[in-house]
There are 2 protein chains.
Amino acid sequence: MIDPLLEKLKHYTDLEKHEIRMLRAAPTQEKRLEKGDYIIKEGENPPAVHLIIDGWACRCKMLSDGREQVMGYLIKGDLCDLHVTLLSRMDHSIRAMTTTTVGMVPEESINRIIEDFPRLARALFWSLMVDEAIARHWILNVGLRSAEARVAHLFCELLVRFQVAGLIKGNTLEMPMTQANLGEALSLTPVHINRVLQRLRQKGLIILARKELTVVDPEGLKEVAEFDAVYLHLDKRLVNHKGELINKK
Amino acid sequence: MIDPLLEKLKHYTDLEKHEIRMLRAAPTQEKRLEKGDYIIKEGENPPAVHLIIDGWACRCKMLSDGREQVMGYLIKGDLCDLHVTLLSRMDHSIRAMTTTTVGMVPEESINRIIEDFPRLARALFWSLMVDEAIARHWILNVGLRSAEARVAHLFCELLVRFQVAGLIKGNTLEMPMTQANLGEALSLTPVHINRVLQRLRQKGLIILARKELTVVDPEGLKEVAEFDAVYLHLDKRLVNHKGELINKK
DNA sequence: CGATGGGTTGAGCTTGATCAAACACTGTGG
DNA sequence: CCACAGTGTTTGATCAAGCTCAACCCATCG
């Protein structure tokens with residue numbers, strides 16, 4: 001059940017047998033959530049860390065006027081709230097965007113990792129820092145880029161993350177979110193997202209229909225997005241010296 | 001020399017003698033930088049972690065068209081690049097905004113902490129997560145808030161961070177950055193920053209002149225900013241049950 | 001079949017950008 | 001002490017990207 005996390009941490013370091021055993025032995029309870037359900041809400045302090053086993057979720061936070069900002073997407077293998085082991089309470093919420101299965105890793109397991117499994121602790125550190133880097137670059141995206149580049153950048157990020165996670169083989173991925181959802185993540189109105197998507201389609205960069213995104217021209221898309229995957233800090237075994245993704249067969 | 005870091009970590013946990021000794025024993029070399037110098041540049045992989053001992057710095061990243069986004073401010077006691085101990089290279093740069101003194105903590109010291117000082121490791125985890133939370137909320141700020149609320153929010157954040165770090169007593173702090181700098185952080189043009197500042201002054205919320213910011217009406221400023229300090233995950237000993245800062249004498 | 005949720009289109013508006021010029025402050029050298 | 005250069009702030013006029021509001025279309029589903 002904890003295997004998606006193992007897969008992810010393996011990108012950082014080769015885990016040893018006893019470390020894998022330790023993680024596997026952690027008493028993870030599973031929970032199934034429907035689209036729209038909150039995995040954790042702002043202000044809560046749950047006794048376990050949630051791991052996405054399957055499905056999509058997003059970090060989000062609402063302002064008093066009801067408008068919501070999505071601050072990141074979570075996919076298979078991502079930890080939602082390592083936070084709660086150390087910080088008092090959640091400062092944002094996490095919501096399922098599809099039917100989602102989460103695993104709940106008790107806080108003590110995390111504590112044991114930090115105390116007795118320094119290599120695992122290091123791997124957790126690593127995943128935290130990647131999350132932080134992604135968050136920082138989201139600032140860049142929302143702050144500096146045009147609407148078109150913003151959408152393109154998000155698509156590039158998702159494509160690479162899915163490829164690295166081994167969830168897709170080609171350039172096609174499931175995209176459960178509506179145009180309004182995209183707007184929440186990119187700080188654009190649904191109407192404008194719609195127009196931008198049309199432009200990207202016209203340029204022959206993407207196909208997006210019936211909840212499925214195909215990146216037709218990855219290089220072209222990266223160009224309009226000014227996308228540089230360095231910030232995702234990919235597994236060194238998966239990228240070449242120029243930081244480009246190697247196609248493992 | 002490493003004391004500003006100690007001060008900061010103490011907000012998370014009471015450190016034990018041998019932990020303090022260990023940190024103090026780390027062979028930190030000091031370095032002095034002038035305004036505008038880069039502490040680390042994107043793409044580099046320095047052999048040591050930089051700690052701000054005195055002065056202001058910012059995380060920043062430039063787009064190909066020359067426009068720059070500031071993704072966070074660093075003050076006394078902040079670690080610039082824990083990243084490099086685990087990630088391959090910097091995905092953004094760090095620039096001194098004033099004359100700044102940094103300490104360089106060798107990578108091995110960090111590694112030893114993770115391996116042999118779990119409580120210190122935990123404290124580092126904590127500071128990383130706070131940084132991440134700040135970055136996430138910066139997304140909110142740039143993405144969702146109006147220009148006026150954005151400026152107000154940044155000022156609130158800085159005020160609280162300086163108060164918590166014990167760098168100021170009242171509501172006045174040094175603000176070395178120009179209006180253009182503020183614009184880079186908030187994704188607004190210098191001209192617009194100027195007009196917003198005038199409005200905040202007119203409302204009697206702030207005084208900002210000759211590199212010095214005084215928050216005249218903290219409550220009012222928090223209101224226009226919709227500021228909620230939860231995301232800064234302050235020392236529990238410094239906040240009351242409602243998350244408000246307690247004035248320690 | 002109607003209802004519902006999402007996608008698409010159009011018209012007009014607003015926030016903040018752009019461009020350009022003037023002004024204020026600081027420090028320098030004559 | 002003044003001229004000046006340089007950096008930062010202020011003001012005004014114009015412009016555009018993206019927002020708002022409103023209608024309409026289309027697919028899916030009970």
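- Taking the six-membered ring for Trp and the full ring otherwise, B:His92 and B:His83 have centroids separated by under 6.0 Å.
- Scanning DNA chain C 5' to 3' for nucleotides with an atom closer than 4.0 angstrom to a non-hydrogen atom of chain A gives a first and last hit of C:dG6 to C:dA11.
- Atom CD1 of B:Ile75 is separated from atom CZ of B:Phe162 by 4.5 Å, given to the nearest 0.5 angstrom.
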Under 3.5 Å, N/O pairs linking protein and nucleotides 4-6 of chain D:
none

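- Between B:Gln179 and D:dT10 there is a side-chain N or O to OP1 or OP2 distance below 4.0 Å.
- Summarising the local packing, NZ of A:Lys61 is surrounded by more than 12 heavy atoms from other residues, nucleotides or ligands at distances under 6.0 Å.
- Rounded to an integer number of Å, the gap from CG of B:Leu197 to P of D:dT10 is 8 Å.
- For the side chain to side chain contact (heavy atoms under 4.5 Å, CB included) test with B:Val102, the passing option among B:Arg32, B:Gln29, B:Lys31 is B:Lys31; the others fail.
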Would you mind building the protein contact string for nucleotides 17-30 of chain D? One character per nucleotide, 5' to 3', B for base within reach (heavy atoms under 4.0 Å), S for sugar-phosphate only, - for untouched. -BSBB---------
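- Scanning for salt bridge (charged side-chain N to carboxylate O under 4.0 Å, His left out) contacts around B:Arg150 gives an empty result, with sequence neighbours left out.
- A search for side-chain contact (heavy atoms from CB on, under 4.5 Å) contacts involving A:Lys211 returns A:Thr178, not counting sequence neighbours.
- A donor and an acceptor atom, one from each side chain of B:Ser187 and B:Gln69, are located under 3.5 Å apart.
- Axis orientation changes by 30° from one end of the helix from C:dC1-D:dG30 to C:dG30-D:dC1 to the other, with each end axis drawn from 5 pairs and the value rounded to 10°.
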